[in-house]
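Below is one structure, written out as structure tokens; the observations come after it.
Counting starts at 1 for both ligands and their atoms, following the listed order. Scope of the values below: all heavy atoms of this structure, side chains included, with no hydrogens, waters or symmetry mates. Keep in mind that what you see is a predicted model, and the values were worked out from it rather than measured.
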Amino acid sequence: MFDAISMAAFILSFIIVALTMKRTDIRKTLLVTPYARNFPLPPGNKPVFRWIHSLMEELNTDIACIRLANTHVIPVSSSRIAREILKKQDSIFATRPLTMGSEYCSHGYLTIAKSGGNSRDKSEELQIDAQKGTEEADNLVRYINNFCIKNGGFAVFDLRLVMRQYCGNVARKMMFGVRHFGKGGEDESGPGMEEIEHVESVFTVLTHLYAFALSDYKIVSAAMRNISKYNDPFKTEPQDFLDMFISAKDTDGKPTLSDKEIKAQITELMLATVDNPSNAVEWAMAEMINEASIMQKAVEEINMIVGKYRMVLESDLPNLNYGKACVKEAFRLHPVAPFNIPHVSTADVVVDGYFIPKGSHMLISRLGIGRNPNVWDTPLKFDPERHLYNNKNVELNEPDLNLISFSTGRRGCMGSNIGLAMTHMLLARLIQGFTCDLFMAKPLHAVGTPRLAPQVYPT
Ligand code: HEM
């Protein structure tokens, strides 16, 4: 993610000022001086996030400061400091950095997540009709099942592709009320060429959002053109987000959003919907296929609560506690990105005793917090049981920020309810419907065999 940033910084003569950050008696330690030390650049193509984390480990610190030209970039890998930033001092850190990539992808900051402003009401949360997620779960199961039938009882399928397409379908249904841009695949539950191109372009844009260099312009602009090619011609359908944006009026009865703002916002919500759920389920499946006892427990839970004669429904999800714990482990151990979307400080401020200058870019480390050995025992082990103590109902939101799922505060996720339902439904339907064995790891392919009687599968 930070390869492009590090290249730019190299050209601008890269200075790293990192701090031992040992707490001293003086509470107001200056974060950037006087402990300035120069560190070597990360070698070769090693991702910069790994280098940042290993540097922090070497310095035994949960907060550091990396100076890129005039910008202080401040990675944080402890939940305690994250709480101070995202809860206690949230109003100071509620803005986003202005970068070339985010400006380009948001048509000049016309969207919620990329906007520099911080005026969102905490209670704003996007909702969709639960039926849309269930319809898509039916389509997913039908697609894999038909594949198995055609193949004589089992099939090798690309888990990454089906998960990403499930998310793409839910996103298209939410935005436009349709699941396919064209005719769909040969079997109409599956994706057609248009959907594959659309979702791939969405992931290309996501990869470059905060790591955009001029040399990436061609790649990102081609991906943005593809997304616009499919998104822009849409007309409104009652009940979808597009309709909602078009009909929103201010107190004088004038449209709240311009056409350009609506287009930018639709693209942003597409980006926000596809990456987290598909990544979490891909990792959960990989871990569960590797550890048969975990898979077994999750299947037994579904057999007990839902039975073998119907498919999991949205109303079952809150009762599938073990399944939720598996999703939570995937969020903790394998976040979709090493860092949260950056937050920028709008004033000089002291956090945990350290001075943070105005304009600093705070990088809350999803990886560092989720794997922090001071919070989690055996942090690298995929162990859903750790979330199940005291027979507790597992919550996927983590307001204490011991892991970053949906984050919190003014910039917390606006689609957590939708995201939760999508993620859990996707995992539950896959493990209920099919026995999966590993076929190929990269991208993850599984050999799937239907688990239930043929009449239970959607036709
Ligand atoms: C499993 C699913 C999801 C996860 C884990 C997730 C997680 C997150 C996280 C960590 C952030 C950044 C918060 C911060 O900067 O502190 C975020 C922001 C956001 N998410 Fe989600 N998200 C998910 C699904 C969704 C969905 C389905 C939507 C829309 C329908 C959505 C819409 C947004 C928006 C608009 C923002 C930007 C908020 C802002 O900057 O004010 N997310 N999400």
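Close contacts between ligand 1 and Arg96 involve ligand atoms 14 (C), 15 (O), 39 (C), 40 (O) [criterion: under 4.0 Å to a heavy atom]. The atoms of ligand 1 that sit less than 4.0 Å from any heavy atom of Thr423 are 1 (C). Per-residue contacts place Ser407 under 4.0 angstrom from the following atoms of ligand 1 (heavy atoms of the residue considered): 13 (C), 14 (C), 16 (O).
No more than 12 heavy atoms of other residues, nucleotides or ligands shown are found within 6.0 angstrom of CZ on Arg50.
A salt bridge between Arg80 and Asp352 is present, with a side-chain N of the basic residue lying under 4.0 Å from a carboxylate O of the acidic one.
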**Request:** Decide side chain to side chain contact (heavy atoms under 4.5 Å, CB included) for Leu444 and Leu438; before the verdict, give the C-alpha distance in whole Å, the side-chain angles of both, and the deciding distance to 0.1 Å.
**Result:** CA-CA 8 Å; Leu444 186 64; Leu438 185 65; 3.4 Å; yes
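For atom 25 (C) of ligand 1, the nearest non-hydrogen atom from the set Ala272, Ser405, Gly412 comes from Ala272. Between atom 14 (C) of ligand 1 and the options Arg410, Arg411, Glu268, the minimum heavy-atom separation is to Arg411.
For Glu197 and Tyr230, the side-chain atoms include at least one donor-acceptor pair closer than 3.5 Å. Donor-acceptor pairing under 3.5 Å is recorded for the side chains of Gln296 and Glu300.
Both the sub-6.0 Å distance and the 45° axial angle are satisfied by Arg332 relative to the ring of Trp376.
Distances between N or O atoms of Thr273 and those of ligand 1 include no value under 3.5 Å.
In this structure, Pro277 has a heavy atom closer than 4.0 Å to ligand 1.
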